[in-house]
Amino acid sequence: MEMKRFQKINHFPGMIEICRKDLLARNLNRMLKLFPKEYKIFPRTWCLPADYGDFRAYGGTRRKRAFICKPDSGCQGKGIFVTHNPEDIQHGEHMICQQYISKPFLIDGFKFDMRLYVLVTSCDPLRVFVYKEGLVRFATVKYIDPSSGKPVKKGGFQGTHTASDDICMHLTNYAINKRNENFVQHDTMGSKRKLSTLKAWMTENSYNTTKLWEDVEDIIIKTLISAHPVLKHNYQSCFPKHTSGSACFEILGFDILLDRKLKPWLLEVNHSPSFSTDSRLDREVKDALLCDTINLINVNACNKRKVLEEDKQRVKERLLQSHQTSRASRYWLPSGRRCSRGPGPAGSECPGGAVSLGRREELQSSQEAWLCQAQLYEDAHLGGYRRIYPAHGTERYERFFKHSGSLFRETAASKAREECARQQLEEIRLKKEKFEAAIMKKKAERKEELHGESGGDKPRTSTTSTAPSARLTSRSSRIWDRKAQHTQVDSTQPQDIVANEEKKRINALLQRENLIRSLGIIDQLSRLQPAPQPPADMQRSLPADCKSQVTEEHPDPSCVASAGDSHSQEDGEDGSQALSIPGSVR
Ligand code: ADP
């Protein structure tokens, strides 16, 4: 089903590239490789099993480090465990393994993370807003650095704490901590606070929040840029007709953890952040967020009736213009890519959403006009949002967009995948070779058997050949049989004559001729067919006693055939040719 131009959807196709833990890790690892200084925004992460070797090598040399292991696409802290021991993880397990930030920023001894709400209103060009209000989720058990304590076991930390204590100390998920008896409902001292409360607390305690919020915004922009090639490609493929305005918008939940130096680290991105409101604090944050989002995306910008009218008009134009179209008209996709799908009416869309050259300029100017209008509208309807991209100074991100190479080539995981694919291909190739060798062997054996059974009859087996190929002698045909597996012989081309074999052939034909003559077959046939008289020389050569050897009840089939061809004796240049029997080996 196709989306209408007046419709908007609350997701971008391809946003999964940053919303699934393994894909996020893969994309950010790729960017980290390209921009090692700039992309240190995510704890070092390995996608298992592909990065297993790398992970074990890293873990082996850093015994004190703790790792947090998460299911590829889990949520709400499900299936997460922390370990000091890389050997806890078996080869072949599917998960992501991440360096554990063991020295987080603590408030009153508790670990916390921040949920930031980010609105993307367009992906081509990228337009990003961050909401001023968010949530701060606290752990409900006071934090103890695992690297200072006893080594940890898979499934939880050892020590005085129970597994539940451990979880509520290291994981800050609301879904986990709300069940803990220590959970406190309080605006400024509680286990769930507003982002503005945290900001106020930091200012009060003389922390440099300007730098912190700049870094947070930097993380958001860089993360979105890492998915940009896929977002842009998918958008253009899915919404070729949405040439002015954006068909999609999305509210993303960015989870960010601060380390003790107040450096923010991205933990994950949620494509469907919870909008459930089970407390006043939630309601205040989320209701305002949704209201401001609806205002900002300007759902009323598109007039449904107008769009339907325009579509009708376009169909009419297309029908009218279809006859005037030059067959050679070129097509362009809205992105500027050329479409070779074939000609169509000028000013119309070709199948798949490409547009003709004439309409391209029209689309570009309408896109520019829309962007201008959108910017004006957004600036006037920001509500609690702040535009972070594009914004003053964001030109510095331009270079990160220019990483249009393969998305899957750069990471260790992709290398492992490539290696795996290469090995599989090699295995297939070897299997194929073995199979072919077995078939060849069987064929050769079968041929040997056939040669053994009917070696002497071989010349007769190819009696159905037409003139040029009929020249193949028994030896040459055997050679040909052997070669045929490698080379295709063109049967319409004359084959080389081997002198020796040609001699043998002529001898055989002479023998046959003598036999026929000695049997008096020709004589008998000429008597049956009175009209054409056999040539004098032929009659001369037939011995009289032959007549008695062939009776009418038992005619020699070869002789019947020769009778039918009797007229050819007249055209023959020599005796052997004149007596040749159609269908016999010459
Ligand atoms: P989920 O989607 O299941 O909630 P997260 O990646 O958000 O998974 O992790 C859950 C919690 O675990 C986070 O809220 C945070 O408190 C903690 N956590 C996750 N990754 C790290 C890390 N690398 N270092 C320290 N704590 C982490």
Side-chain angles (χ1 to χ4, degrees), residues 1-15 119-127 129 231-251 290-383:
M1 209 171 78
E2 196 182 49
M3 243 179 75
K4 299 277 184 281
R5 282 195 298 127
F6 53 82
Q7 292 175 321
K8 257 186 198 288
I9 188 164
N10 62 336
H11 288 288
F12 284 87
M15 198 58 96
L119 174 67
V120 182
T121 56
S122 144
C123 71
D124 183 25
L126 190 61
R127 299 180 70 74
F129 301 80
L231 290 177
K232 185 177 164 181
H233 172 84
N234 288 1
Y235 185 84
Q236 283 167 359
S237 316
C238 297
F239 308 105
K241 288 184 182 164
H242 281 75
T243 46
S244 68
S246 174
C248 311
F249 71 98
E250 189 154 359
I251 303 174
L290 288 175
C291 186
D292 288 350
T293 305
I294 301 295
N295 275 336
L296 186 55
I297 59 170
N298 197 7
V299 274
N300 296 323
C302 228
N303 184 331
K304 181 177 171 181
R305 199 170 291 170
K306 202 176 143 211
V307 169
L308 289 174
E309 269 309 310
E310 276 174 11
D311 285 351
K312 261 189 206 166
Q313 191 58 32
R314 197 163 292 161
V315 172
K316 263 188 207 165
E317 276 171 21
R318 205 181 310 173
L319 287 170
L320 286 172
Q321 288 176 352
S322 60
H323 298 294
Q324 303 154 14
T325 312
S326 145
R327 283 200 148 262
S329 64
R330 286 178 298 163
Y331 283 81
W332 295 88
L333 293 167
S335 58
R337 281 175 290 129
R338 214 184 274 221
C339 168
S340 56
R341 258 174 277 201
S348 71
E349 283 148 20
C350 80
V355 288
S356 70
L357 193 59
R359 211 163 109 68
R360 189 173 174 247
E361 279 167 19
E362 192 192 314
L363 290 176
Q364 251 174 4
S365 62
S366 82
Q367 177 97 347
E368 275 162 25
W370 165 70
L371 275 173
C372 233
Q373 249 184 339
Q375 182 145 341
L376 285 175
Y377 177 88
E378 285 165 359
D379 287 347
H381 297 83
L382 283 171

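Quantities reported herein were computed from a predicted structural model and do not represent experimental measurements.
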* **Main-chain N/O of C123 paired to K232 side chain as donor or acceptor, under 3.5 Å** => no
Quick check: do [X] and [Y] have side-chain heavy atoms less than 4.5 Å from each other?
X: E378; Y: N298; answer: no
X: V120; Y: F249; answer: no
X: C372; Y: E368; answer: no
X: K8; Y: C248; answer: no
X: D292; Y: L382; answer: no

Can you name the nearest heavy-atom pair linking [X] to [Y], along with the distance?
X: P13; Y: L231; answer: O-CD2, 3.9 Å
X: D124; Y: Q236; answer: OD2-NE2, 2.9 Å
X: F129; Y: T121; answer: CE1-OG1, 3.5 Å

* To do: Using distance alone, with no hydrogens and no angle criterion, decide if E250 and N10 have a side-chain donor and acceptor under 3.5 Å apart.
  => no
* Asked: What do you reckon, is CD of Q373 surrounded by more than 12 foreign heavy atoms closer than 6.0 Å?
  -> no
* In Å and rounded to the nearest 0.5 Å, what is the OG to CD1 distance from S246 to I297? -> 9.5 Å
* Spatial distance of atom CG (L371) from atom CZ (R127) [nearest 0.5 Å] -> 6.0 Å
* Asked: Taking the inter-plane angle between the rings of F239 and Y235 on a 0 to 90° scale, is it parallel (under 30°), tilted (30 to 60°) or perpendicular (over 60°)?
  -> tilted
* Would you sort out whether F12 and C238 count as a side chain to side chain contact (heavy atoms under 4.5 Å, CB included), showing the intermediate values? => CA-CA 10 Å; F12 284 87; C238 297; over 6 Å; no
* **Stepwise side chain to side chain contact (heavy atoms under 4.5 Å, CB included) check, Q313 with E317** => CA-CA 6 Å; Q313 191 58 32; E317 276 171 21; 3.9 Å; yes
